[in-house]
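As C-alpha cells, the structure follows; a few thoughts come after it.
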There are 2 protein chains.
Amino acid sequence: MNYEEVMNLATRRGFFLRSAESYSSTPAGFWDYGPLGVQFKNRFIEMWRKMLVRRDAMVEIDTAQIMPKNVFVASGHLASFSDPVIECGSCHSIFRADKLIEERTKKNTPEKLDDQAYDMLIQQNRIACPNCNSPLKGTKRFNMMFRVGIGPQNEEAYLRPETCQGIFVDFPYLFKTQRIKLPKGFAQYGKSFRNEIAPRQGILRQREFYQAEIEVLFTPANLDDPRFDEALGRPINIAEGDTEPRRMLASDALKEQVVPSKLIAYYLTLIQSFYEEIGLDPSNIRLRRLTDEEKAFYSSVAYDLEVRTSVGWLELVACNYRSDYDLKRHSEVSGSDFTIDEGGKRVTPHVFELSMGVDRSLYALLENCYKVEEGRTYLSLRAAVAPIQVGIFPLVTKDGLPEAATEIYRSLIKEFDALYDGSGSIGRRYARADEAGVPFCITVDHDTLSTKTVTVRNRDSKSQERVAVSELELMLPKLLR
Amino acid sequence: MNYEEVMNLATRRGFFLRSAESYSSTPAGFWDYGPLGVQFKNRFIEMWRKMLVRRDAMVEIDTAQIMPKNVFVASGHLASFSDPVIECGSCHSIFRADKLIEERTKKNTPEKLDDQAYDMLIQQNRIACPNCNSPLKGTKRFNMMFRVGIGPQNEEAYLRPETCQGIFVDFPYLFKTQRIKLPKGFAQYGKSFRNEIAPRQGILRQREFYQAEIEVLFTPANLDDPRFDEALGRPINIAEGDTEPRRMLASDALKEQVVPSKLIAYYLTLIQSFYEEIGLDPSNIRLRRLTDEEKAFYSSVAYDLEVRTSVGWLELVACNYRSDYDLKRHSEVSGSDFTIDEGGKRVTPHVFELSMGVDRSLYALLENCYKVEEGRTYLSLRAAVAPIQVGIFPLVTKDGLPEAATEIYRSLIKEFDALYDGSGSIGRRYARADEAGVPFCITVDHDTLSTKTVTVRNRDSKSQERVAVSELELMLPKLLR
C-alpha cells in the first residue's frame, strides 16, 4: 500500500481529516483528528507514558505554547530557525530556494548554503519563476516561528517550535521544588508550531503538530552510570548512513563505539523497544546515526529513529545529545541560575533528548498495520493502541437481539472503548470493524437468549469462540493486554 | 483558606507554576502544569470522558488551534470579540475602559456600552491616567483574538478563542462519514486563546487555557425527546440571579419553566452530576440562569455552572442554547452545506453547549478539597482524580526495608501512579503525601520482612490497616474506585 491508500482509509473512517475542510481556502499543513484518531492518539500517548515516563519515573509537565521572545533569543530559534525563500519580482510568488533548485536540477542541494550561494545556483541553472517565467533573484531567510502579539502593547512572543523549551526554562523551578536527583528524564506532550513555507507532504509535515518529547538531564559524570547497565543486553538497530540497520546488542554497540556511552545506549534501547511493543516490525526500524553535516550545531552525537514506509525511511524520533547548550543559553539570557551542585562545584546539566513526532508515528503505525488479505482490508493494530477495543453486534435487528446486545454494550462501555453496531449485514459490520482495527467483536445471536453465550471474533485470525456473557468482563482485559 | 493559600500549596508542590518564570519579563496570563498538575488534569479529563463523552456515546475530535480568518468572520469573533480600551495620550499606558471606570466609581459599569458612552463616563467622573494623571479620552475596541500569519504570504489566521468552532466546521464531514443520528454530542478538549488586556486573576483568567467543550447538535423536534426522560428524577441546583440555588428535581424545574426543555434538563443534570461525582460538595454548586443582558446575542437560554469559592461564585461551565446561529453562519460564509435531512426537509441543526474551563475547574477542586485539621494540611481529593494514587515508604533507610519497598513500588508502578519516598521521618513523608492528596500510603516496616504484610494508611481518616503484600494489587483498584 502507499500513502494515498492509507490516508484514504484514514480520512474515510475518521482517523484524520483536513482542518476546516468546509472552507475551501484553508491553508495547507493543518489537520484534525477525527473520533478514531483521538482514541488512537490517546492510547499511543498512554503507552508512551507507561513504557517511558512512568517506568523511568520521569517528570512530566505541560507548559504554555506561547512563550516570550527572550526564550527564543536564548534557544537560537530567532536567529537561525529559517529556510531560504525567493520571491518572484514580477508575480510575487514565493518559493523555497533549496527545494526549487533541487526540483529543477534533480540534484540534492546542500542544506546550509548562504543566500548568495542559492542565488548563484539559480543563475547558473537558469531557473525562472515556475509561475510566470520571470527571472528570479534575491534569496532571503524566512523564519519559521509564528509570531503573536500579547496584549494591547503587542509584546513580542512566539508559538513554540518544540515543546522542550518549556522543560528547559522550568528546570530551576522543578529542580528546587521536586526533590530531583540527576540523571532524570523530563517529559512533555503537546502541540508545536512551525511556519513551513509550502508544506506538501500531507499529514507528515504540518505547521501545527503534536510532539512527545523527553529531555534527560544529567552531568557528564553520569554518562556511564551503572544504573544504565540493564540496557546492555537489549538489541538496537543501528545504521550508519542510509543503509539497512544492523541489529546488535547495546553492549556491542558500545564496544564498536557506534554509541558513545551507556546513558545514550539506555535511552536508544528504550525508545526502540517502545515502537516494537506498540506493534512496529523490528525489521522496519533503524536508528540512523547522523553525519556531522546533518547534526544541529550544538549536538555532539545524534540518531534518527526511522521506520520503513512507502514514502521511504521516515523519521519518527530525533535522538540528540544537545550538550549543555540549552541550559547555558537560558542562563545567559534570563540571568537565572540553571546550575546544580555536584560535589561542591556548580555544574550546568547536559541534555539528551528523544524528540518524537506523534502524528507521523501514528501514520507509520497505520501503514505498517494496513493489511489486505483475501479481499478484506484490516488494520492489525495491537489491542493496546487500537482506538476501539471491542465491537458489539446483534446478529439481526429483531427477536430481542438488539436489546440483549445493548445491555452488554452498556456494561462494557463503562470500562472499555466499545462500539455498538446494529445495521447492515453481519459481514459488512465485521468489515467496518476490521477497517477500524477493532481487535475483538462480540456477536449476539439467538443462542445468546437461551444459553447466555456470545461469539467473540478475533480480527486477525477471523476465528470465533463461544463465550459466556458473564465471563466477558474478566476475559476482555486479558485479551486486550 | 483563600486563593493565595491554595496557590501557595499548588505552586510549592508542583500543581501549577507561572510560565517561563526564570524570565522575569514573561507577560501575565500564562501558566504551566507541573508534575502533579499534569496527572491531576489527566485524571480529571479521563473522568470527563468516562462520565460525559463515553456514557453518552459522544463523538470526540481534536482539531487544529490555528484556523483561517473566514471561520471567525462566520463566528462573529472578528467583528465583536473585543473589549473597550483607552490609551493615555501622554504616557501611552493602556487600560481597559470599563474596568477602570468601575475601579474609580466603585459601581458596576454595564458591559455593552458603546465607545462614546465610555468616554462620557470617563469625563463625567473626571478619571485621569492612573500612571501620569493626564486626561484620558478616545475609547477604542481591542479584539482579543491572537492573529498569526501563515507562510511567507502571511495569510490571515487566528488562534481559536474556543474549541467549539472546530466541531462546527467539521460537522459536515463528521455527519457524512460517521453514520451519525441527531441528537448527538460532539466533544473536544484542548487549548484556547484570548488576548486579555490585563489579566490580573492569576490562574483563573489566562490568555492561553484549556477547555473541554461539548456541543450537542439536534433539531427543535428533539427538544423533548423521550430519550431524555431518564434525567427527570435527578436533582439540579437552579439559581435565578445571584442567589443561593434551589435544589430541585429536573422534572420540577421543567414544570416551573426555569428549564425550557427535556434536552436542556438532561445535559444540565449530566454536568452537575459530573462535578458532584469528582468531589465538589453539592451545596457549593449552582446553575445560574443568565439574564437577557448577560447572554450572548445568539443564545436563547443560558446557565452558568458556578462553584462557591473564596473569590466568590466562580463560573466553571457556560451552558448555552446557541440556536442554529453557528451552523447557519458557517454555511453562509463557507458556501458548504451544513443541513441535514429531517422527514424530507433540509434543516440546520441547533446547538446546546457545555463549555467547561478546565484550569479553573481544577483550581476549584483544589480549594474545595483543601483541609486544615489538627495542624495538618491535606487535599481530600477523591481517588478518581488524585494525581498520585499510592505512596510507598520504607519506615527506615536500612535493614533491607528500602529494597523491600522498592520491590513493591516496581510492581505497583506498572498499573498505578505510585510515588516512592524514602527520605525524612515517616511523619514528614505522610505530611508531604497529604499535601499532594495521595489517598493511600503503604509503609514497609520490619514486620514486612517476616510476615509479608504492610500498613496501608488512609489519608482522610489517618487510620492504618495491616494488609498482606500479595493482596495489594487486588485491593488497590477497589480502594481507588
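Just so we're on the same page: letters track the sequence lines, and every chain starts at 1.
Only the side chain of A:Arg179 comes within contact range of chain B, with heavy atoms under 4.5 Å apart. Of the atoms belonging to A:Arg194, not a single heavy atom falls under 4.5 Å from chain B. A:Asn143 does not touch chain B: none of its heavy atoms, backbone or side chain, sits under 4.5 Å away. In this structure, chain B has heavy atoms under 4.5 Å from both the backbone and the side chain of A:Gln65. Only the side chain of B:Phe193 has a heavy atom closer than 4.5 Å to any heavy atom of chain A. For A:Phe209, no part lies near chain B; criterion is any non-hydrogen pair under 4.5 Å. For a residue to count as touching a neighbouring chain, one of its non-hydrogen atoms must lie under 4.5 Å from one of that chain's; by this rule A:Ile197 touches chain B with backbone and side chain alike. Both the backbone and the side chain of B:Ser423 come within less than 4.5 Å of a heavy atom of chain A. For A:Asp421, the part sitting under 4.5 Å from any heavy atom of chain B is the side chain, from C-beta outward, and nothing else. Only the backbone of A:Lys414 comes within contact range of chain B, judged by heavy atoms closer than 4.5 Å. Looking at A:Phe95, there are no atoms closer than 4.5 Å to chain B (heavy atoms on both sides), in backbone or side chain. Looking at A:Val38, the atoms closer than 4.5 Å to chain B (heavy atoms on both sides) all sit in the side chain, from C-beta outward. Both the backbone and the side chain of B:Glu60 come within contact range of chain A, judged by heavy atoms closer than 4.5 Å.
Under the ring pair (Phe, Tyr, Trp, His ring centres under 6.0 Å) criterion, A:Phe142 pairs with no residue at all, not counting sequence neighbours.
Near-neighbour residues of residues 153-160 of chain B relative to chain A, defined by a heavy atom under 4.5 Å from a heavy atom of that chain, comprise B:Gln153, B:Glu155, B:Leu159. Taking non-hydrogen atoms and a 4.5 Å limit, the residue list of residues 24-37 of chain A in contact with chain B, ordered by number, reads A:Ser25, A:Thr26, A:Pro27, A:Phe30, A:Trp31, A:Asp32, A:Tyr33, A:Gly34, A:Pro35. Below 4.5 Å, heavy atoms of chain A meet heavy atoms from B:Arg49, B:Lys50, B:Arg54, B:Ala57, all part of residues 49-57 of chain B.
With respect to chain B, the highest number of heavy-atom pairs below 4.5 Å among A:Tyr173, A:Phe168, A:Tyr420 belongs to A:Tyr173. Most heavy-atom pairs under 4.5 Å with chain A: of the set B:Met67, B:Gln188, B:Glu21, this distinction falls to B:Glu21.
Within the model, atoms CG of A:Asp170 and OG of B:Ser22 stand 6.5 Å from one another, a figure rounded to the nearest 0.5 Å.
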